[in-house]
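Reviewing the structure listed below.
Order of the sequence lines fixes the chain letters, A, B, ..., with proteins taken first and strands second; residue numbering starts at 1 for each chain. Side chains included, hydrogens not; waters and symmetry mates left out as well; all remaining heavy atoms used. Worth saying up front: this structure is predicted, and the values here are computed from it rather than measured.
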There are 2 protein chains.
Amino acid sequence: MRKTFLFMDTIVNKVDAKGRVSLPSDYRAIVKELSTEIVCYRSLTSPCIEGCAEELLEKIAADMETSLDFFSQTQDDLTNLIFGDARRFSFDSTGRILLSEKLLKHAQITDTAVFVGKGRKFQIWNPENWAKEEKRIRQEIMKNRPSLSMKGGTNR
Amino acid sequence: MRKTFLFMDTIVNKVDAKGRVSLPSDYRAIVKELSTEIVCYRSLTSPCIEGCAEELLEKIAADMETSLDFFSQTQDDLTNLIFGDARRFSFDSTGRILLSEKLLKHAQITDTAVFVGKGRKFQIWNPENWAKEEKRIRQEIMKNRPSLSMKGGTNR
DNA sequence: AAAAATCCCATGTTATACCATAAGAGTAAG
DNA sequence: CTTACTCTTATGGTATAACATGGGATTTTT
């Protein structure tokens, strides 16, 4: 029935002493709908955790297979890094995943996690870091607004 | 059968204490017709809520996926901004959606909401703000088309 | 055996589905 | 042209289901 699967919204959830966090229910719905799994890895560019449906990584792998020439060496390396770091995180009957020490440390998350939707992907941030990052992005986007409105042209 | 999907007209509805508003029936018809969902987010440029069919965001996500710019910084920022703020708002059997505190605050809406159609998108305004905005827009148009205003003025 | 991971139950909170009434818009009959 | 009726829509209130989260029990790993 649902044809779309977009990770959206910004949701704040508690992380308990064991490292458990509720995956936002919308995200869980996507996983169920696609009968896939959530995959997480350390972001290559930011102090946050990045996640997506396992499906997406398969798509990327397939793309690399068929169009190696179009990927630069750098992108190839980056992709390797992600695959090397990524792991499945399945949620229990109450909808929680258990984040690993490695990921929590990289994102500096202790007791609160902020889930930020990115369409096909999502990110998990420490609240303070996300507040700063959001501010930075808004300033950055406003600076480059002309090009943004150009991109809005895809709306038609 | 022709599938039209243009958000039009200006409709004023009450917002109750819980933040519930009736989605204009025309809008609901569009959602049903396209079997999609309504997605809302804070306008980047105005103190109002902006909404569209989820389909539209899906298109944007698809564009980004195929752009090969999987690791571009700008794209990263954009997806955070768009999808991080957007959320699905499905309506109940009586046609109401529950607007979030974040959105209501951004648009300064308390007890009344004005829905303004914009084609593929629509906006939700606080009544006073919308009155000002509409006035501003009309003045702007008259400024840029003096000949039009002369014609209308003398003849009627 | 100790530690870690997974599962299961309990609770407060919140969102959503449902019911009921009121208000209009439109239609048909008088 | 007016009145009565029907149907859709808007809105208030309430009940129910879903969710996040704490705590503990059970299983698996090492």
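A salt bridge links A:K102 with A:D85; the closest basic N to acidic carboxylate O contact falls under 4.0 Å. With salt bridges taken as basic N to acidic carboxylate O contacts below 4.0 Å, none links A:E37 and A:R88.
A donor-acceptor pair shorter than 3.5 Å cannot be found between the side chains of A:E133 and A:N129. Side-chain atoms of A:W125 and A:Q123 form a donor-acceptor pair, as typed in the model, at a separation below 3.5 Å.
The distance between the ring centers of B:F122 and B:Y27 falls below 6.0 angstrom.
Remark: the B:K18 side chain and the C:dT13 base include no donor-acceptor N/O pair separated by less than 3.5 Å.
Annotation: cation-pi pair A:R120/A:F5 present, NZ/CZ under 6.0 Å from the ring centroid and within 45° of its normal.
Atom CD1 of A:I97 is separated from atom C1' of C:dA5 by 14 Å (rounded to the nearest Å). For the pair A:D92 CG and D:dA25 P, the computed distance is 17 Å after rounding to whole Å. Atom CD in B:E37 sits about 13 Å away from atom C1' in C:dT16, given to the nearest Å.
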| field | Annotated protein contacts, base or backbone, on nucleotides 5-12 of chain D with a non-hydrogen cut-off under 4.0 Å, one of B, S, - each | value | ----SSBB
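Side chains of A:N126 and A:P47 form no contact here, defined as non-hydrogen atoms less than 4.5 Å apart. In this structure the side chain of A:D9 never reaches within 4.5 angstrom of the side chain of A:F115, judged on heavy atoms.
Under the side-chain contact (heavy atoms from CB on, under 4.5 Å) test applied with A:K118, the options B:L78, B:T79, B:I82 reduce to a single match, B:T79.
Heavy-atom contacts from other residues, nucleotides or ligands closer than 6.0 Å to CZ of B:R136 number more than 12.
With the end axes of the helix from C:dA1-D:dT30 to C:dG30-D:dC1 each set by five pairs, the angle from one to the other reads 40° at 10° resolution.
The stretch residues 98-112 of chain B has no heavy atom under 4.0 Å from DNA chain D, so no residue of it qualifies as close.
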